[in-house]
Amino acid sequence: MKAKKIRRAAIIVGLTIFLLIELVPLFWCISLSFDREALSSLPAFSLIPKTPTTFNYSVAFQSIPLVRYYLNTIFLTTVNTVIGVFFALMCGYAFAKGDFAFKKFWFLFMMAVMMIPFESRMVPLFLQYKKWGLVNTYIPLIVGNFAYVYGIFFAKQNIEGIPDSLRESAYIDGAGEWRIFWQIIVPLSKPLIATLSILQILSNWNSYLWPLVIIRDQLKQVISVGVAIFNAQQDAIFYGPRMAVAVISAIPLTIAFLFLQKNIVQSIAVSGIKQ
């Protein structure tokens with residue numbers, strides 16, 4: 001019993017040390033963003049701003065259209081998350097509980113797509129969208145989310161854990177597939193929905209390469225590309241404004257994770273009733 005307590009205490013101490021190692025750079029970033037001395041040079045390490053000010057944030061907002069980048073990214077992230085999660089749930093339900101021709105073949109075919117790096121498909125995709133006249137529009141950034149392959153796989157694995165007895169009972173009561181999907185599958189998949197939403201939000205908010213290639217108008221760009229544009233415009237010594245932009249761009253992700261984090265672990269468990 002004593003050895004178990006010692007082991008538990010050692011684990012807690014070790015995890016605490018790792019947590020501090022992770023948090024110190026974050027707090028230093030926030031400190032630099034509020035430190036006026038960081039505008040002209042990198043001040044000595046301190047978790048408390050030596051000369052507190054919001055001037056760095058003013059410089060950031062005046063240098064690039066951060067609000068516009070924010071709105072563009074929020075729009076794309078919201079649309080892509082809704083589309084990606086919804087179609088992942090529908091396809092996952094079909095592969096988990098459906099019965100149709102060549103089901104295993106189509107599932108393996110879909111999974112094979114995950115093995116092809118996006119970079120190898122980027123040039124053909126760009127040429128295709130250019131031929132269709134869709135370059136410098138948001139359509140190429142949205143269409144791909146109708147086939148959220150990893151989400152479909154993850155949804156299938158989770159929905160397979162929902163007992164068939166629930167569907168059978170609904171069938172006996174006269175429910176169709178759509179009613180079963182909305183009234184049984186979706187309510188029991190809330191942890192799954194939260195996990196896929198977090199993954200989609202992270203992916204879309206941090207998306208950089210594809211928006212950089214497909215969007216030509218600077219005012220249509222997303223926050224990740226906007227941060228790169230800002231860093232390209234500023235001198236390497238302007239740490240304060242750079243940190244201010246980094247803090248601003250990370251706020252939505254932090255809020256989303258705080259609201260949805262409790263559901264991530266739950267998505268691993270089997271939903272529904274025990275048989």
Side-chain angles (χ1 to χ4, degrees), residues 64-95 106-107 109-156 178 181-182 186 189 192-233 245 248-253 255-257 260:
I64 56 175
L66 273 177
V67 175
R68 183 65 180 269
Y69 292 155
Y70 240 91
L71 295 176
N72 296 341
T73 312
I74 290 173
F75 168 74
L76 287 171
T77 301
T78 303
V79 172
N80 288 339
T81 299
V82 172
I83 290 174
V85 173
F86 175 68
F87 281 92
L89 281 175
M90 285 205 307
C91 295
Y93 174 54
F95 281 115
W106 287 118
F107 182 72
F109 180 80
M110 179 195 69
M111 294 301 298
V113 177
M114 295 180 61
M115 303 178 187
I116 305 175
F118 172 75
E119 289 76 11
S120 64
R121 296 179 282 121
M122 184 174 65
V123 174
L125 281 173
F126 175 80
L127 295 176
Q128 177 180 323
Y129 286 123
K130 184 179 180 181
K131 185 177 181 180
W132 292 346
L134 296 177
V135 173
N136 202 35
T137 68
Y138 289 146
I139 294 178
L141 302 178
I142 296 175
V143 171
N145 287 274
F146 283 91
Y148 180 26
V149 179
Y150 177 76
I152 295 172
F153 168 75
F154 198 54
K156 174 184 177 293
W178 275 109
F181 176 75
W182 285 113
V186 171
S189 301
L192 167 65
I193 294 172
T195 303
L196 292 180
S197 297
I198 289 176
L199 295 176
Q200 276 287 76
I201 290 171
L202 288 172
S203 175
N204 285 280
W205 195 268
N206 293 323
S207 179
Y208 174 79
L209 182 59
W210 188 227
L212 178 65
V213 171
I214 209 71
I215 300 297
R216 303 293 181 84
D217 187 352
Q218 183 175 336
L219 292 178
K220 292 183 179 180
Q221 279 294 0
V222 295
I223 189 69
S224 57
V225 179
V227 171
I229 293 174
F230 178 80
N231 290 334
Q233 291 177 349
V245 171
I248 293 170
S249 63
I251 289 175
L253 294 182
I255 295 174
F257 183 79
L260 300 174

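- Looking at Ser207, its side chain never comes within 3.5 Å of a backbone N or O of Ser203 through a donor-acceptor pair.
- Looking at Asn80, its side chain does come within 3.5 Å of a backbone N or O of Leu141 through a donor-acceptor pair.
- When side chains are defined from C-beta on, Ile215 does not count as touching Val225, because their heavy atoms never get closer than 4.5 Å.
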Could you walk me through whether Gln200 and Ile83 pass side chain to side chain contact (heavy atoms under 4.5 Å, CB included), step by step? CA-CA 10 Å; Gln200 276 287 76; Ile83 290 174; over 6 Å; no

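- Of the inter-residue distances, the one linking Asn136 atom CG with Tyr129 atom OH reads 15.0 Å to the nearest 0.5 angstrom.
- Ring geometry for Phe154 against Tyr150 counts as parallel: the plane angle stays under 30°, on a 0 to 90° scale with 60° as the upper cut.
- Taken from CZ in Phe87 to CE in Met90, the straight-line distance is 4.5 Å, to the nearest 0.5 Å.
- Under the 4.5 Å side-chain criterion, counting only non-hydrogen atoms from C-beta, Val222 is not in contact with Tyr69.
- Nearest heavy atoms, Phe107 versus Phe153: CZ-CD1, 3.7 Å.
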The test is side chain to side chain contact (heavy atoms under 4.5 Å, CB included); show your working for Ile139 and Trp132 and say whether it passes. CA-CA 11 Å; Ile139 294 178; Trp132 292 346; over 6 Å; no

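- Within 6.0 Å of the CZ atom in Phe118, the count of heavy atoms belonging to other residues, nucleotides or ligands exceeds 12.
- Closest approach of Ile64 to Gly226, counting heavy atoms only: CD1-O, 3.5 Å.
- Rounding to the nearest 0.5 angstrom, the gap separating the OG1 atom in Thr73 from the CD atom in Gln221 is 9.0 Å.
- Between Ala155 and Gly92 the shortest heavy-atom distance is CB-CA, 4.0 Å.
- Considering CZ of Arg68 and CD1 of Ile223, their distance stands at 13.0 Å, rounded to 0.5 Å.
- Using a distance-only test at 3.5 Å, with no hydrogens or angles considered, a donor-acceptor pair links the side chain of Trp210 to the main chain of Pro140.
- Contact check for Ile214 versus Val135: side-chain heavy atoms found under the 4.5 Å cut-off.
- Going from atom CG of Leu134 over to atom CG of Leu125 covers 12.0 Å, rounded to the nearest 0.5 Å.
- Between atom CD1 of residue Ile201 and atom CG of residue Leu196 there is a gap of 11.0 Å, rounded to the nearest 0.5 Å.
- Taking the six-membered ring for Trp and the full ring otherwise, Tyr70 and Trp205 have centroids separated by under 6.0 Å.
- A donor-acceptor pair is defined here as one N or O able to donate and one able to accept, closer than 3.5 Å; such a pair exists between the side chain of Tyr138 and the backbone of Lys220.
- Not counting sequence neighbours, the partners of Tyr93 by the side chain to side chain donor-acceptor pair (under 3.5 Å) test are Arg167, Glu177.
- Within a 6.0 Å sphere centred on CZ of Arg216, heavy atoms belonging to other residues, nucleotides or ligands number 12 at most.
- Phe181 places a side-chain heavy atom less than 4.5 Å from the side chain of Leu89.
- No donor-acceptor pair closer than 3.5 Å links the side chain of Asn204 to the backbone N or O of Thr81.
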